[in-house]
Structure formats: structure tokens, C-alpha cells
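No experiment lies behind these values; they were computed from the predicted model shown. Below, each value reflects all heavy atoms present in this structure, side chains not excepted, and no hydrogens, waters or symmetry copies.
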Protein chains: 2
Amino acid sequence: MSASALLPVPRTTLTREVAERLRQAILSGELVAGQQLAEATMASRLNVSRVPVREALVELEREGLVVFNERGRACVRAFTDEDFAEIVSLRTTLQVMSAKLAAVKHTVEDLERLEMIVKRADKTRDPTEFSRLDIAFHDEIARIARHQRLYQAWSNLRAQMELWIVRAHRERERVKHDVHAATARAHRAMIEVLRSRDPGEAARLMEFHCESMIKVQD
Amino acid sequence: MSASALLPVPRTTLTREVAERLRQAILSGELVAGQQLAEATMASRLNVSRVPVREALVELEREGLVVFNERGRACVRAFTDEDFAEIVSLRTTLQVMSAKLAAVKHTVEDLERLEMIVKRADKTRDPTEFSRLDIAFHDEIARIARHQRLYQAWSNLRAQMELWIVRAHRERERVKHDVHAATARAHRAMIEVLRSRDPGEAARLMEFHCESMIKVQD
DNA sequence: CTTCCGTATTCGGTCTACGGTATACTGTAC
DNA sequence: GTACAGTATACCGTAGACCGAATACGGAAG
């Protein structure tokens with residue numbers, strides 16, 4: 001207890017805090033699609049002024065969870081099937097590029113982190129936790145690529161990916177075990193391909209993996 | 001004249017207006033790399049309050065023209081060679097994906113717009129104008145792909161692309177004619193490939209075109 | 001009963017003000 | 001002369017209020 005008393009004070013801003021809460025509220029379904037997010041209402045509910053709420057909404061718009069209508073009012077984005085098709089197709093492109101770069105740039109520590117994620121995914125029985133680790137695996141690949149702008153583009157998609165995966169899990173509870181096993185296999189194979197430092201093969205495998213996720217949706 | 005009198009009144013916000021002015025100032029070099037952009041200073045110079053300036057700076061950060069340091073102060077981004085390598089490599093990936101989609105989804109009007117851009121590029125002798133039309137061509141391809149998230153990812157790169165092209169032109173004035181001719185040829189070829197609706201060939205040509213731009217830089 | 005007009009409410013865009021923090025400069029002491 | 005401390009300044013984060021615009025609701029007139 002006393003050891004952690006003198007750690008650096010976590011410095012954050014109200015804007016980030018509000019964004020995080022709204023993000024969680026949207027991902028958890030507490031805020032439903034189409035719901036209006038009036039600045040003043042959110043501000044009073046969160047006990048902050050309108051400015052942090054306003055800035056958080058802009059951030060969430062960038063992440064694709066919120067849309068502003070023509071008169072500047074924010075509402076929770078309603079996703080169509082076309083939206084999810086866009087999300088997974090762009091995800092595939094960005095992850096293929098990430099895999100190519102990661103195959104060349106990865107270090108031993110990077111692979112260890114990936115294996116840690118896969119191991120944790122093996123242990124869990126909670127589908128939400130598994131989804132989170134699935135995202136974390138691909139996030140780590142994007143990070144290993146060490147390409148700031150690529151990572152930013154991926155970051156802007158990540159929250160929407162989470163929403164897609166959550167929805168996918170809800171829609172087909174019964175097949176989730178097969179999907180989990182297949183995902184785990186693909187991730188292990190990915191690590192091995194990265195270890196061999198073959199960008200072409202890494203790209204092929206990543207594309208196959210991402211595409212196979214689309215087929216599951218049907 | 002009278003025909004345009006009853007067009008919709010252009011509605012904008014101070015935030016957009018400030019963002020546009022700052023963007024132009026950065027692209028034109030009026031604001032130099034590394035320069036601090038103090039909110040209060042910019043606000044008084046532009047005769048607005050700090051809030052629109054602040055929101056505009058956030059927008060420019062998303063576009064990559066501005067960075068916030070650890071204490072939240074904004075300055076004009078200083079680009080390294082690695083930055084430009086990132087920009088062109090991500091550009092290539094996004095444009096290849098765009099070309100694939102555009103090959104399938106384009107309409108006659110889309111191709112007409114592309115040809116219009118190429119024709120205007122032929123006419124101009126102004127290198128800055130040519131660069132702008134070069135960007136406009138690729139912007140149009142990204143638009144034709146009709147993929148919102150892909151277009152947004154490209155949009156976040158566009159301003160940085162402009163900066164790269166401007167710098168490239170300044171650095172090698174003498175070769176610009178060859179580059180212009182090669183670009184014009186590549187763009188015409190691109191239109192023809194799109195017309196044949198062959199996504200694979202469109203992707204190959206786009207990748208070759210984007211990669212060849214990198215070689216020019218050396 | 002329907003339609004139109006006016007008013008009231010709501011909401012976003014903007015401005016001003018205040019508090020906290022970091023940095024820089026200056027003065028004093030060693 | 002140098003180093004440290006204290007003060008001043010500048011800027012960010014945040015709050016609260018004002019204003020204009022849009023919409024919704026109600027009343028009156030046809």
C-alpha cells in the first residue's frame with residue numbers, strides 16, 4: 001500500500017475521462033444507437049461543464065461511435081451491415097500492411113507480448129474478455145509495425161471493431177467456441193510467421209485470417 | 001450572376017474558418033515548422049476567442065499538421081524523412097485499396113470528373129496548381145471507392161501529402177517537367193484501367209504509380 | 001377541423017473569466 | 001561569479017453565461 005503511495009500522480013483531463021465513460025457506455029449498450037447526446041444533459045449527468053463533453057464527443061466522432069447531424073447535434077451512431085462491411089474491409093487492409101511491417105521490425109519482446117495475449121485468451125471462458133484479447137492481439141501487431149500514421153488509422157477503427165465483435169458474439173452464441181478455437185490457431189500461426197520474418201507470408205496469412213472473420217458473420 | 005444569388009447560404013463555423021486559415025498558413029509556409037501556436041495569440045490575431053482556435057488546433061492535429069507537446073502546447077509539426085516515408089507508404093496502401101474499389105464502383109460521371117482533372121493539369125504551368133490537381137486526382141479516386149472510412153483515413157493524410165509534394169517540388173525544380181509528364185501519363189493510364197473495371201490491374205497500376213513517386217524523391 | 005402564425009423552449013456556437021501549473025527571469029546570498 | 005530561491009508571467013483546463021437559430025407547441029383564424 002505505502003509503496004504505491006508515492007507513484008506519479010495519474011494526470012488526465014476531464015475530456016479524456018468523459019470520452020472514456022461515453023465510449024464504455026456506448027460499447028456496453030447503455031447508450032443505444034440513434035440516441036441524442038445533448039451536451040448540457042451529459043454535462044450535468046457527469047457533473048462537468050459542457051466543454052469537456054463537447055471535446056469528448058468530437059473524439060468519439062473521430063472513432064466513429066458518434067455522428068453529428070447537419071445542425072451539430074451528436075447522436076450515437078447506428079451501424080448498418082454496410083458499415084460493418086466497411087469496418088472489416090478497412091481493418092483487413094490496415095492489418096495486412098501492419099503484418100508486413102511487423103514481420104520485419106519485430107523484436108523478441110514484441111513476440112513475447114503477443115504470446116502473452118494468446119495465452120491469456122486461452123485461459124478465459126468469458127466471450128467479452130476473449131473479444132477484448134482478440135482486439136488486443138491485432139492492436140499489438142499494429143503497434144509492432146512502428147508506423148505512427150498506420151497505427152492512428154487503426155486506432156480510429158478499433159472502437160468500431162469492438163462494437164462489431166460484440167454484436168457478432170451476441171448474434172451467434174452457439175458457434176463461438178469454434179470461432180474462438182480458430183482465432184487462437186490463427187493467432188499462433190501468425191506469431192510463427194512473424195518469427196520467420198517473411199513479410200509476404202505474414203501478409204497472406206493476415207489477409208486470410210481477416211477474411212475468414214467476415215465469412216463467419218454470414 | 002443572378003443564377004447563383006439564390007444558392008444555399010454557405011454556413012460555416014468559426015472553428016472551420018480558423019482551421020482553414022491555419023491550414024493554409026502552414027501549407028504556404030507562413031507558419032514554419034516547430035513554431036508555437038499559442039491559443040491566445042492566434043485568437044487575438046484572428047479576432048476570435050480561444051475556443052474556436054482550440055478546436056481548430058485539434059482538427060489540425062488529426063490532419064497531422066500540428067502536434068501537441070506533453071504540456072498540451074501546440075506547434076507546427078516538423079517533418080522528418082521518416083515521416084514522409086510513413087506518409088507515402090500509407091498513401092500507397094490506401095490508394096491501392098481505393099483503386100480496387102473504384103474499378104468496380106465507378107460511374108461514367110466519375111470518369112468524366114477524373115478526365116477533367118487530368119485535362120486541367122495539362123493546361124497549367126504552375127507547379128503548385130499541378131500538385132493540387134495531382135492530389136485532387138487521388139482524392140477523387142478515394143471518393144469514387146465510396147467507402148466512408150477509407151475516405152476518412154485518406155483525408156487524414158491529405159494535408160500531409162500536400163506538404164510532402166510541395167517540399168518535393170521545391171527541392172528539385174529542374175526535374176519537375178519530367179515528373180509532371182510521368183504523372184499525367186500515369187493518371188491517364190489509371191483512368192483507362194478503371195474503365196476496364198479490372199480491380200487487380202487497377203491495384204497493380206496504382207501501386208506502381210505511388211511507388212514511382214517515392215523513387216523520385218531520392 | 002385544418003392550417004398558419006407566433007411564442008417559448010431547447011440546443012449548439014461563442015465569449016469571458018478564473019484557477020492551477022510550469023517556466024523564465026531576476027535578485028540575493030554564498 | 002555562481003547557484004538557488006522567489007516572484008512574475010504566460011498558457012492551458014475548466015466553468016458559466018450569453019446569443020442566435022431551429023423546432024415544437026399552442027392558439028387563433030378560416
Side-chain angles (χ1 to χ4, degrees), chain A residues 5-26 30-78, chain B residues 5-23 25-26 31-78:
Chain A
L6 293 183
L7 288 175
V9 177
R11 299 285 296 261
T12 185
T13 73
L14 276 187
T15 298
R16 268 194 286 269
E17 185 68 27
V18 170
E20 179 58 25
R21 296 198 182 211
L22 289 179
R23 184 166 27 239
Q24 290 310 320
I26 292 173
E30 187 179 337
L31 292 173
V32 300
Q35 183 168 352
Q36 288 240 351
L37 301 170
E39 292 178 9
T41 309
M42 291 298 143
S44 69
R45 290 224 308 197
L46 294 166
N47 194 32
V48 297
S49 78
R50 276 176 51 209
V51 177
V53 173
R54 182 184 183 75
E55 294 184 349
L57 289 174
V58 170
E59 166 63 21
L60 292 179
E61 185 207 19
R62 157 163 30 177
E63 295 175 15
L65 296 181
V66 161
V67 284
F68 285 88
N69 65 21
E70 64 285 349
R71 279 204 355 277
R73 307 203 172 172
C75 27
V76 180
R77 184 163 198 163
Chain B
L6 292 182
L7 288 175
V9 177
R11 300 285 297 258
T12 187
T13 75
L14 277 186
T15 297
R16 268 193 286 270
E17 186 68 27
V18 170
E20 178 58 25
R21 295 197 183 212
L22 290 178
R23 188 180 302 119
I26 292 173
L31 292 173
V32 300
Q35 182 168 353
Q36 289 238 351
L37 300 170
E39 290 178 9
T41 309
M42 291 297 144
S44 68
R45 290 222 310 194
L46 294 167
N47 194 33
V48 296
S49 79
R50 277 177 46 212
V51 177
V53 173
R54 181 186 184 74
E55 294 183 352
L57 289 175
V58 170
E59 166 62 21
L60 292 179
E61 186 207 17
R62 160 168 26 182
E63 295 176 14
L65 295 181
V66 162
V67 283
F68 286 87
N69 65 21
E70 65 283 350
R71 282 206 344 280
R73 306 205 174 174
C75 26
V76 180
R77 184 164 197 162

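For CG of B:Asn47, the number of neighbouring non-hydrogen atoms (other residues, nucleotides, ligands) closer than 6.0 Å is 12 at most. Within a 6.0 Å sphere centred on CD of A:Glu30, other residues, nucleotides and ligands contribute 12 heavy atoms or fewer.
In this structure the side chain of A:Glu63 reaches within 4.5 angstrom of the side chain of A:Glu59, judged on heavy atoms. Side-chain atoms of A:Leu57 and A:Glu61, non-hydrogen and from C-beta on, never get closer than 4.5 Å to each other. Counting only heavy atoms from C-beta outward, the side chains of A:Val32 and A:Val76 never approach each other to under 4.5 Å.
Sorted by residue number, the members of residues 12-25 of chain A with any non-hydrogen atom under 4.0 Å from DNA chain D read A:Thr13, A:Leu14, A:Thr15.
When the P atom of C:dG13 is taken as reference, atom CZ of B:Arg54 falls 16 Å away, rounded to whole Å. Atom P of nucleotide C:dT9 and atom CZ of A:Arg73 are separated by 16 Å, given to the nearest angstrom. Computed from coordinates, the A:Gln36 CD to C:dT10 P distance equals 14 Å when rounded to whole Å.
Taking 4.0 Å as the cutoff to heavy atoms of chain A, we find the contact window on DNA chain D bounded by D:dT14 to D:dT23.
Among residues two or more places apart in sequence or in another chain, the side chain to side chain donor-acceptor pair (under 3.5 Å) test is passed with A:Arg77 by B:Gln148. Residues that satisfy the side chain to side chain donor-acceptor pair (under 3.5 Å) test with A:Glu17, not counting sequence neighbours, are A:Arg21. Partners of A:Glu39 according to the side chain to side chain donor-acceptor pair (under 3.5 Å) rule, which considers only residues two or more places apart in sequence or in another chain, are A:Arg50, A:Arg54.
Along DNA chain C, the nucleotide nearest B:Val51 and the nucleotide nearest A:Ala38 are compared for position; the residue whose nucleotide lies closer to the 5' end is A:Ala38.
Here the closest non-hydrogen pair linking B:Ala56 and B:Leu22 is CB-CD1, 4.5 Å. Looking at every heavy atom in both residues, A:Ala78 comes nearest to A:Ala33 through CA-CB, 3.8 Å.
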Interface polar pairs with nucleotides 17-20 of chain C, N/O, under 3.5 angstrom:
none

